[in-house]
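Input: a single structure, listed below in structure tokens.
On a predicted model such as this, the values are computed, not experimentally measured, just so you know. As the structure lists them, so they are numbered: ligands from 1, and atoms in each ligand from 1. Heavy atoms only: backbone and side chains are in, while hydrogens, waters and symmetry mates are out.
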Amino acid sequence: MEQMGQGRTADIFVADDNKVLKLYKKGFPIEAIHEEYGVSRYVHNLGIHVPRPFEMVEREGRLGIIFERVPGTSLLHLMTQRPLRIKRFSRTLAALHHHVHSHSAADLNRNHKEILAHNIQSAPLLTDAEKSKIIRYLQGLPEDHKLCHGDYHPDNVLVGDESHSWVIDWMTGMAGHPLGDLARSVLLLTYGTLPEGTPKTKGLLINFFRRRIKNQYIRHYMKLANKDYAEVDPWILPVAAARLADGIPDAEKNALLLDIRARLKTIS
Ligand SMILES: Nc1ncnc2c1ncn2[C@@H]1O[C@H](COP(=O)(O)OP(=O)(O)O)[C@@H](O)[C@H]1O
Ligand SMILES: [Mg+2]
């Protein structure tokens with residue numbers, strides 16, 4: 001089978017009949033793969049543009065999901081190929097995220113605050129007292145049950161001809177507060193490291209344009225949602241703490257930890 005892509009969790013292969021096989025790395029938690037299949041089906045049934053999930057399969061001891069193959073290129077790739085269009089691509093990123101958030105997911109059995117609290121609880125580097133304080137703070141943030149992606153960034157959006165686009169990689173999808181979901185994307189655009197194997201020039205370009213992408217994305221989302229960034233900022237603390245549990249490089253963890261501790265000082 002021809003390999004067409006690679007992420008942190010899986011390898012993507014071309015399968016027959018306009019399909020792809022997302023084959024998870026050995027040892028990847030089975031429950032998480034079931035979550036991705038279940039959430040992908042849920043989101044596809046809502047009518048959102050996502051590759052249709054067909055079935056779960058096993059290949060040489062690895063679990064995978066067969067998806068419809070969509071004719072798109074990731075926004076991350078497009079941003080490096082056409083840096084003059086960064087502003088337009090960043091707006092597309094914002095508009096699609098806002099569209100995802102316009103859907104209720106009240107009957108999706110995955111709750112944003114519960115998932116954040118669980119991840120904060122299992123985060124390395126934080127003391128128990130810090131974890132309790134952050135979880136208490138999280139409980140005081142506004143409730144909502146909109147569809148949230150949970151890992152929304154330019155490599156999880158595919159764009160094709162005539163601006164057809166698809167949001168992929170729904171393992172972390174959940175019902176929650178749009179601005180909490182936005183906070184995660186802001187953090188990824190601030191501190192996130194690029195996938196392993198990213199060519200050096202591509203990495204340099206993205207790092208150079210990072211701030212511009214983030215600012216355009218935030219500005220356009222705020223305009224569409226008619227919100228103020230002051231409503232997003234409170235979400236950064238719990239979302240950053242939960243991010244520590246993600247198995248990210250040490251440099252990223254340390255940068256997050258500094259931000260978390262500075263924010264902890266400002267709350268009672
Ligand atoms: N349904 C699909 N159709 C076409 N390309 C896809 C599809 N799913 C994934 N890809 C390609 O594979 C890459 C990684 O897929 P993704 O689901 O984001 O994996 P990971 O969870 O490892 O990040 C994408 O950026 C894209 O280039
Ligand atoms: Mg991905």
Side-chain angles (χ1 to χ4, degrees), residues 1-45 47-57 59 62-82 89 92-93 96-97 100 110 115 148-174 181 184-185 187-189 191-199 202-203 205-206 213 243 245-249 252:
M1 259 189 310
E2 183 199 338
Q3 183 161 350
M4 62 175 296
Q6 193 179 24
R8 273 199 190 134
T9 55
D11 300 313
I12 316 286
F13 297 95
V14 178
D16 301 338
D17 314 327
N18 294 322
K19 291 175 185 168
V20 300
L21 166 64
K22 180 168 181 176
L23 198 57
Y24 297 83
K25 309 242 151 121
K26 262 214 166 86
F28 195 81
I30 292 174
E31 316 80 67
I33 303 170
H34 281 276
E35 293 287 14
E36 175 151 1
Y37 185 59
V39 177
S40 299
R41 282 174 56 123
Y42 180 90
V43 175
H44 183 256
N45 287 337
I48 295 177
H49 261 200
V50 297
R52 179 175 169 190
F54 287 104
E55 58 181 330
M56 291 187 64
V57 295
R59 295 277 189 282
R62 291 165 69 183
L63 265 183
I65 303 175
I66 304 271
F67 287 100
E68 164 196 9
R69 179 180 184 181
V70 298
T73 308
S74 88
L75 268 182
L76 180 70
H77 187 71
L78 289 173
M79 283 168 169
T80 63
Q81 295 304 103
R82 304 190 161 185
F89 293 142
T92 301
L93 185 70
L96 277 170
H97 208 185
V100 164
R110 287 172 47 85
I115 291 169
C148 293
H149 182 280
D151 194 31
Y152 188 80
H153 56 68
D155 205 32
N156 281 336
V157 175
L158 306 183
V159 177
D161 290 347
E162 295 168 27
S163 300
H164 283 301
S165 42
W166 297 266
V167 180
I168 61 167
D169 213 357
W170 282 90
M171 181 176 284
T172 50
M174 59 209 163
D181 202 30
R184 162 127 180 153
S185 304
L187 269 183
L188 296 175
L189 289 169
Y191 298 117
T193 35
L194 290 159
E196 244 172 77
T198 305
K202 194 169 165 181
L205 259 178
I206 283 295
I213 298 168
R243 170 85 177 140
D246 276 359
I248 50 180
E252 192 176 339

ask   = Which is it for Met4 and ligand 1 at heavy atoms under 4.0 Å: side chain, backbone, both or neither?
value = side chain
key: Sub-3.5 Å N/O-N/O distance, Asn156 and ligand 1   = yes
inquiry  = Starting from atom 4 (C) of ligand 1, what is the nearest protein heavy atom, named by residue and atom, and what distance separates them?
reply    = Val70 O, 3.4 Å
inquiry  = What I want to know is whether Thr9 and ligand 1 share at least one N or O pair that is separated by under 3.5 angstrom.
reply    = yes
query = Which atoms of ligand 1 sit under 4.0 Å from any heavy atom of Arg69?
reply = 3 (N)
inquiry  = What protein heavy atom lies closest to atom 25 (O) of ligand 1? Include the residue and the distance to one decimal.
reply    = Asp155 O, 3.4 Å
ask   = Based purely on interatomic distance, does Glu68 place a nitrogen or oxygen under 3.5 Å from a nitrogen or oxygen of ligand 1?
value = yes
Heavy atoms of other groups near Asn45 CG, more than 12 under 6.0 Å = yes
request  = State the atom name: nearest N, O or S atom of Asp169 to the Mg ion (ligand 2).
outcome  = OD2
Thr9 backbone or side-chain N/O/S under 2.8 Å from the Mg ion (ligand 2) = no
inquiry  = Parallel, tilted or perpendicular, judged at 30° and 60°: which one describes the rings of His164 and His49?
reply    = tilted
inquiry  = Are the side chains of Ser40 and Val50 in contact, using a 4.5 Å heavy-atom criterion?
reply    = no
request  = Output yes when the distance from some N or O of ligand 1 to some N or O of Val20 is under 3.5 Å, and no in every other case.
outcome  = no
ask   = Do any nitrogen or oxygen atoms of Lys22 lie less than 3.5 angstrom from nitrogen or oxygen atoms of ligand 1?
value = yes
Evaluation steps, salt bridge (Lys or Arg N to Asp or Glu O under 4.0 Å), between Asp246 and Arg184 = CA-CA 12 Å; Asp246 276 359; Arg184 162 127 180 153; 3.0 Å; yes
query = Near Arg41 CZ, under 6.0 Å, is it more than 12 heavy atoms from other residues, nucleotides or ligands?
reply = no
ask   = Taking Tyr42 for the side chain and Tyr37 for the main chain, is one N or O donor matched with an acceptor at less than 3.5 Å?
value = no
ask   = Does Leu23 offer a backbone N or O that forms a donor-acceptor pair with the side chain of Asp11 under 3.5 Å?
value = no
request  = Check whether any side-chain heavy atom of Lys22 sits under 4.5 Å from a side-chain heavy atom of Asp169, and report yes or no.
outcome  = yes
query = Which protein non-hydrogen atom lies closest to atom 26 (C) of ligand 1, naming both residue and atom, and how far is it?
reply = Leu158 CD2, 3.9 Å
Nearest-contact summary for atom 12 (O) of ligand 1 - protein heavy atom, Å = Ile12 CG1, 3.1 Å
remark   = The atoms of ligand 1 lying under 4.0 Å from a heavy atom of Pro51, numbered in the order shown, are 1 (N)
query = So, do Tyr152 and Leu93 sit near enough that their side-chain heavy atoms are less than 4.5 Å apart?
reply = yes
query = Which residue holds the protein heavy atom closest to atom 23 (O) of ligand 1, what is that atom called, and what is the gap in Å?
reply = Asp169 OD2, 3.0 Å
request  = Measure from the side-chain N and O atoms of Asn156 to the backbone N and O of Asp151, and report whether any donor-acceptor pair falls under 3.5 Å.
outcome  = yes
task = Around atom 24 (C) of ligand 1, find the nearest protein heavy atom and jot down its residue, atom name and distance.
result = Ile168 CD1, 3.6 Å
